[in-house]
Colleague: 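If you scroll down you'll find the structure; I have some questions about it.
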Amino acid sequence: MDRRASTASQDTFISLQQLDPSPIDTPPELEKQLEDYPPSPPSAPKISATLGLSGITRLQKYSSYAFTIFASFHITNTSIIPLLTQSVPASETYLLLTRPYYQSIPLEPLLITLPIATHILSGLALRIHRRNANLARYGAANLSISDRFKRGLKIWPNMSWPSLSGYILTPLVLGHSFVNRLLPWIYEGGSSSVGLGFVSHGFAKHPFVAGTGYAALVAVGAGHFVWGIARWNGWIPVGSDKKAKRRWWTINGIAVALGALWMAGGLGVVGRGGLESGWIGKGYDNLYSKVPFVNL
């Protein structure tokens, strides 16, 4: 019995090996249906497919925490300490003591460059991810942009105030970094000579440009930081009841208080520090003259 079973198994194996492959023909009616069926929407970007919505959200959240460490040191050195000392030269000492810690390798990339880049790119990825989700939800991936407008399809997600302020803040932060960090590095090989005196000189020499840029940076930055913290902790007001209104006033009140504190030291003390004289002032003038698009 075992021998016959073994022989049958061998015959079956040989017959399977000797079968010639042949294509499976698609019935004509099914082929016609497949031609008429719209193609599937394009696959999501690799970053969205790999990380997912929660992964990208975590990237944006924790990158903001890393940058907040640097921002706390920076605001303390450039605003709070000048407000306490009421003197630019006295505050310069504290700035020079702490600045090497966050303007050196690897702390500068870890606390500033990488967190900012990650925060911005992950924010853009989140918007694209949600846009793609809306396209799939409405079945609008194969519609032209004009057809989407005709049908009134809202593809892009709503722009919240934290998101909007972040996009406004990006060029302000990049401009601030360019003038105070990159420009000295290009023309002087480093920013060791750039401190609060350089900022005071800029305010005194070019009050409108410096004052407008600084006020915009502080106002938008304070609002973005406070609303961002509220968002990550689930404190964003929802609805229009008393609790939501109280939260709205509380968040905005904290943002205004932070902005006022920031400006009190920055504009009130550093902004009124005056011009630098001698070769130091000439060096500052030379650096400011290199700023593009603005005749300084």
Side-chain angles (χ1 to χ4, degrees), residues 47 56 59-75 77-79 102-103 108-128 130-131 156-187 191 194 196 198-203 205-232 252 255-256 258-260 262-263 265-267 270-271 284 287-296:
I47 183 172
I56 302 173
L59 275 179
Q60 192 182 41
K61 178 178 181 178
Y62 295 119
S63 62
S64 66
Y65 287 170
F67 181 73
T68 300
I69 298 173
F70 158 75
S72 301
F73 279 107
H74 192 61
I75 293 173
N77 285 328
T78 60
S79 180
Y102 57 80
Q103 285 192 358
E108 186 172 24
L110 291 177
L111 294 179
I112 306 173
T113 310
L114 288 177
I116 289 179
T118 302
H119 193 68
I120 295 172
L121 293 176
S122 59
L124 292 172
L126 279 173
R127 287 192 61 80
I128 295 173
R130 289 166 178 153
R131 170 192 175 273
W156 288 98
N158 292 328
M159 181 75 73
S160 63
W161 165 244
S163 298
L164 178 61
S165 61
Y167 290 117
I168 298 173
L169 186 61
T170 298
L172 296 174
V173 170
L174 293 178
H176 177 77
S177 302
F178 175 79
V179 173
N180 293 278
R181 188 78 174 103
L182 188 59
L183 202 66
W185 182 79
I186 293 173
Y187 292 100
S191 58
V194 172
L196 297 178
F198 176 72
V199 179
S200 297
H201 189 84
F203 274 107
K205 196 80 173 181
H206 315 285
F208 177 77
V209 175
T212 303
Y214 187 83
L217 174 67
V218 171
V220 178
H224 184 70
F225 295 158
V226 175
W227 275 94
I229 292 173
R231 179 182 178 183
W232 296 137
N252 282 303
V256 170
L258 175 62
W262 196 346
M263 285 191 184
L267 286 177
V270 178
Y284 289 165
L287 280 178
Y288 279 116
S289 68
K290 305 297 184 182
V291 177
F293 310 116
V294 182
N295 187 17
L296 299 180

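When reading the values below, keep in mind they use all heavy atoms of this one structure, side chains included, and skip hydrogens, waters and symmetry mates.
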Colleague: Extract all donor-acceptor atom pairs below 3.5 Å that involve side chains of residues 211-218 and protein atoms in other chains or at least two apart in sequence.
Modeller:
from: Thr212; atom 1: OG1; to: Phe208; atom 2: O; distance (Å): 2.7

Colleague: Look at the aromatic rings of Tyr65 and Tyr62 and report parallel, tilted or perpendicular, splitting at 30° and 60°.
Modeller: perpendicular

Colleague: If you round to the nearest 0.5 Å, how far is CG of Leu121 from CD1 of Ile128?
Modeller: 9.5 Å

Colleague: Are the side chains of Tyr167 and Met159 in touch, meaning some heavy atoms are under 4.5 Å apart?
Modeller: yes

Colleague: How long is the straight-line distance from CG of Leu59 back to CG of Leu126, given to the nearest 0.5 Å?
Modeller: 9.0 Å

Colleague: Against Ser177, only a single residue in Val173, Asn180, Val179 fulfils side-chain contact (heavy atoms from CB on, under 4.5 Å); can you say which?
Modeller: Val173

Colleague: Under a 4.5 Å cut-off applied to non-hydrogen side-chain atoms, are Phe73 and Leu111 in contact?
Modeller: no

Colleague: Tell me whether Lys290 forms a cation-pi arrangement with Tyr187, defined as NZ or CZ under 6.0 Å from the six-membered ring centre and within 45 degrees of its axis.
Modeller: yes

Colleague: Tabulate below the donor-acceptor pairs under 3.5 Å that side-chain atoms of residues 112-119 make, not counting sequence neighbours, or state none.
Modeller:
from: Thr118; atom 1: OG1; to: Leu114; atom 2: O; distance (Å): 2.7
from: His119; atom 1: ND1; to: Gln60; atom 2: O; distance (Å): 3.0
from: His119; atom 1: ND1; to: Ser63; atom 2: OG; distance (Å): 3.4

Colleague: Does the plane of the ring in Tyr288 sit parallel, tilted or perpendicular to the ring in His201? Use 30° and 60° as the thresholds.
Modeller: parallel

Colleague: Is any side-chain heavy atom of Trp161 closer than 4.5 Å to one of Asn252?
Modeller: no

Colleague: Indicate the atoms forming the closest heavy-atom contact of Ala219 with Met263, along with that distance.
Modeller: N-CE, 4.2 Å

Colleague: Would you say the side chain of Arg181 lies within less than 4.5 Å of the side chain of His176, judging by non-hydrogen atoms?
Modeller: no

Colleague: Identify the heavy atoms of Phe178 and Pro292 that sit nearest to each other, and give their distance.
Modeller: CE2-CD, 3.5 Å

Colleague: To the closest 0.5 Å, what do you measure between CZ (Arg131) and CH2 (Trp156)?
Modeller: 5.0 Å

Colleague: Does some side-chain heavy atom of Val194 sit less than 4.5 Å from a side-chain heavy atom of Leu287?
Modeller: yes

Colleague: Show your working on side-chain contact (heavy atoms from CB on, under 4.5 Å) between Ser64 and His224 and close with a plain yes or no.
Modeller: CA-CA 11 Å; Ser64 66; His224 184 70; over 6 Å; no

Colleague: Could you state the interatomic distance from CG (Leu174) to OG1 (Thr170), rounded to the nearest 0.5 Å?
Modeller: 6.5 Å

Colleague: Determine, step by step, whether Thr78 and Val270 satisfy the side-chain contact (heavy atoms from CB on, under 4.5 Å) criterion, reporting the C-alpha distance in whole Å, the side-chain angles of both residues, the deciding distance to 0.1 Å, and the verdict.
Modeller: CA-CA 8 Å; Thr78 60; Val270 178; 5.9 Å; no

Colleague: Of the non-hydrogen atoms in Gly223 and Ala255, which two are nearest, and what is the gap between them?
Modeller: CA-CB, 4.1 Å

Colleague: Between Gly266 and Ser79, which heavy-atom pair has the shortest distance, and what is it?
Modeller: N-OG, 3.6 Å

Colleague: With distance as the sole criterion, is a donor-acceptor pair present between the side chains of Trp227 and Ser165 under 3.5 Å?
Modeller: no

